Amino acid sequence: MDLTSINPVLLVASIMVSATPILLAALGEMVVEKSGVLNLGVEGMMITGAVVGFAVAINSGSPLLGFAAAALASAVLSLSFGVLTQYLLSNQVATGLGLTLVGLGLSSLIGKPYEGMKATTLPKLDIPMLSDIPVLGRMLFSHDIMVYFSLALVAGVWAFLKYTRAGLILRAVGESHDSAHALGYKVVRVRMLAIFFGGACAGLGGAYLSLVRVPQWTEGMTAGAGWIALAIVVFASWRAGRVLIGAYLFGGVTVLQLNLQAAGADVPVALLSASPYLITILVLVIISARGAHGAPASLGRAFHASH
Amino acid sequence: MITLEKRPQPSRLWTAVTPLIAVALTMVMGGLLFAFLGADPFEAIRTIFWDPIFNPQFAGFTRPQLLVKAGPLILIAIGLSIGFRAGIWNIGAEGQYIMGAICGAGAGLALYPSESPLIFPMMIIAGGLGGWAWAMIPAVLKTRFGTNEILVSLMLVYVAENILASVASGLLRNPEGMGFPGSRNFKQWDAAHNAEIITGTGMHWGVVFAFIAVIAAYVLMARHIQGFNIRLTGEAPRAARFSGVNPTRIVILCLGISGALAGFAGLFEVTGPAGQISIDFNSGYGFTAIIVAFLGRLNPVGILLAGLLMALTYIGGELAQLMLGVPGASIQLFQGMLLFFLLATDVFTNYRLRFGRAEVA
């Protein structure tokens, strides 16, 4: 095994790239769960975003337009989940699974003609001055715009939940929908908005996979990224800053195992490929064994104004 | 102004009618989808739902497929439904199905080329144990540490797929296969072959097991105290605790049953219709079975019917692909839509619509 072939600068840079899709999706899902809704359809929304973003980027030649279309498409798809769970009071777990199955089917239907094609990817955006710093510049300040956007979004979500009135209402709805309703807040409307936001984020994450990370379209390409995003929300105890840590940790594991495979490490390939999933399980166990989760108290419970 | 009013009791009529409405809505939406894809919608629906059974030309070939496909779906869905009733969400049946197949096939292949009649029963037991053991991981983690079983069981699907890829090209590879990935073919080894019991019907041991599972699940849920405890845990967890139901036991029981049944399904598939352990022998039955379980209203008899219907969409979908050039993925979407419509119409079993202005309370 030749570990010297792994370049630390490239390693950190690629960790940031591989963490971005999960970071975006997990951040959106965290907001959804903060409002008390458990949307298990992240995988389905992500893969829909991946295919729509890719198709639009190919047809228009603009990757940014692809990202916008992906966010819109996934957000619209997530509204079907919202209508079912919020207005028709269906079971959130089952509906989320259904959303994943629909998304997987829809995406492979849309994506068939685009297999094997190559889209123009996002240009690297060197931040003036900072990107000229030796080593660190290449590592942290020479990424595409979505990496910076995802980091800004972390700060934005954190500030929104902590300092704004709207953020407080959202958290109130998630902690106790009956009290929030009694205070006159529109529980269903708040949740629909949160679901819409979560869908848009998952779509951006998916599009980042197909437009930057891979970058091409293959069927089922998210390969559980949406589920890992769900696990990261639990890992992060529903806090924006910890979502960032979690996503970068998992990005690190993914990149490291790929690098180890390439370097010919003396570990079975199956074990290396399975390691992101195994580590997710391990982390979930450690978090849940510690007890206090910080989950919103109304998470996953249906709200109907009659009771 | 339309408002929903909670029914004091779930409506029995609507419980039975909603799956039919969902199927009808899916046919309408599916028809639109096929029309959009450039196929004649009526012909497409007929090809999917009618031709596999009644077309004089190829029904002779497709009719047996109905049981072949429905067997594993029903077997897995029955196990899942028991857990779903208790609010235990095992969505990693696909992984348990794969591990059952690997363990069962591995146990058999270790004794190749023995022709003992005990080989096949031993493989069935090993398959069930393999699926059971894989399901015990989320079960133990949930009961010991309170870890979410949805995420763990799903993560284990990806782990199982990696193990499958590894054994198909390593441990269980056919030594006479000239280096190609994939195990020995069980169809050429009589003692381990899960052959048709009655030729031309598609009836193999997996289907027999599925029927037994339907009956056993009915007895368990409707007549046995454990079934009552399971339902109580799902509907009123606190009441269950007060009446002395041990939640740990329920989790272990539910995940154990669903894992073992998925393991059986995997073993029967790999020794029968699939024929060998290969990288992609699993065809997503573990996920489709979730739809089957809900479509059958988590009721054993309903699941039997839902499994046959879902098998029909598989076969009809392949037929439509061949005859009309409809993309295969549209069938997947079709099945997903069915679940969505079912969940949407489900509201009427628990609520009734009220027209007119809502009164101020």
Side-chain angles (χ1 to χ4, degrees), chain A residues 38 40 43-44 80-81 83-85 87-91 93-113 219 223-224 227-228 230-231 234 268-281 284-291 293 304-307, chain B residues 3-6 33 37 84 87 89 91 137-138 141-142 144-148 150-152 154-167 170 284 287-288 290-291 293-294 327-348 350-351 358 361:
Chain A
L38 180 65
L40 290 181
E43 179 86 0
S80 66
F81 171 87
V83 169
L84 253 65
T85 55
Y87 292 104
L88 298 176
L89 303 164
S90 66
N91 180 313
V93 173
T95 314
L97 286 174
L99 186 61
T100 292
L101 295 171
V102 166
L104 288 172
L106 189 67
S107 66
S108 56
L109 190 62
I110 299 173
K112 209 75 205 153
E219 206 181 308
W227 295 103
I228 290 183
L230 276 161
V234 179
V269 176
L271 188 62
L272 282 177
S273 313
S275 60
Y277 309 109
L278 289 171
I279 287 173
T280 306
I281 295 174
L284 281 174
V285 170
I286 293 169
I287 294 294
S288 48
R290 222 185 40 197
H293 308 297
H304 184 234
S306 66
H307 30 246
Chain B
T3 47
L4 290 171
E5 187 184 280
K6 196 161 175 64
L33 173 75
L37 291 169
F84 291 173
W89 301 94
I91 59 169
I137 301 173
L141 293 181
K142 184 178 174 69
R144 287 279 300 152
F145 305 109
T147 314
N148 182 321
I150 300 177
L151 292 170
V152 173
L154 196 101
M155 288 293 139
L156 286 172
V157 174
Y158 295 97
V159 177
E161 279 176 354
N162 275 302
I163 295 177
L164 174 65
S166 158
V167 296
F287 291 117
T288 316
I290 298 172
I291 304 181
F294 278 107
S330 56
I331 303 306
Q332 210 183 339
L333 182 58
F334 200 75
Q335 294 173 343
M337 279 197 309
L338 186 55
L339 178 57
F340 250 46
F341 282 124
L342 187 76
L343 292 167
T345 49
D346 212 21
V347 68
F348 300 115
N350 291 315
Y351 294 85

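Just so it is clear, the model here is predicted, and its values are computed rather than measured. Each chain gets a letter, A, B and so on, in the order its sequence line appears, and its residues count up from 1.
At least one side-chain heavy atom of L151(B) sits less than 4.5 Å from a side-chain heavy atom of L230(A). Between I91(B) and W227(A), the closest side-chain pair of non-hydrogen atoms falls below 4.5 Å. Looking at F145(B) and I287(A), their side chains never come closer than 4.5 Å, going by heavy atoms from C-beta outward. L109(A) is listed as a side-chain neighbour of L33(B), based on a closest heavy-atom distance under 4.5 Å.
Between chain B and the options G44(A), G111(A), S90(A), G224(A), the largest number of non-hydrogen pairs under 4.5 Å is found for G224(A). Among V93(A), L89(A), I110(A), the residue making the largest number of heavy-atom pairs under 4.5 Å with chain B is V93(A). Of the residues considered (L101(A), V102(A), V83(A)), V102(A) shows the highest number of contacts with chain B, using heavy-atom pairs under 4.5 Å. The choice from L106(A), I228(A), V285(A) that makes the most heavy-atom pairs within less than 4.5 Å of chain B is V285(A). For the options L99(A), L104(A), T85(A), L278(A), heavy-atom pairs under 4.5 Å to chain B are most numerous at L99(A).
Taking both residues in full, the closest heavy atoms of F340(B) and L84(A) are given as O-CD2, 3.6 Å, listed atom of the first, atom of the second, then distance. The minimum heavy-atom distance between A94(A) and F294(B), with the atom names listed, is CB-CZ, 3.4 Å. Of all heavy-atom pairs between Q332(B) and S108(A), the closest is OE1-OG, 3.8 Å. In terms of heavy atoms, A270(A) sits closest to N162(B) at CB-O, 3.6 Å.
At a 4.5 Å heavy-atom cutoff, the contact between L40(A) and chain B is made by side-chain atoms alone. Residue A165(B) does not touch chain A at all, counting heavy-atom pairs closer than 4.5 Å. Interface remark: I291(B) contributes side-chain atoms only to the contact with chain A (heavy atom separation under 4.5 Å). L339(B) touches chain A through its side chain: at least one heavy atom from C-beta onward sits under 4.5 Å away, while N, CA, C and O do not.
Rounded to the nearest 0.5 angstrom, L38(A) CG and I150(B) CD1 are separated by 6.5 Å. Interatomic distance, L343(B) CG to L88(A) CG, rounded to the nearest 0.5 Å: 10.0 Å. Atom OG of S273(A) is separated from atom CD1 of I163(B) by 11.5 Å, given to the nearest 0.5 angstrom.
Evaluation of the side chain to side chain contact (heavy atoms under 4.5 Å, CB included) rule for V157(B) yields E94(B), E161(B), F287(B) as partners, not counting sequence neighbours.
For the side chain to side chain contact (heavy atoms under 4.5 Å, CB included) test with I281(A), the passing option among T147(B), V152(B), I137(B) is V152(B); the others fail.
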Would T280(A) and Y158(B) count as a side-chain contact (heavy atoms from CB on, under 4.5 Å) here? Give the steps.
CA-CA 12 Å; T280(A) 306; Y158(B) 295 97; over 6 Å; no
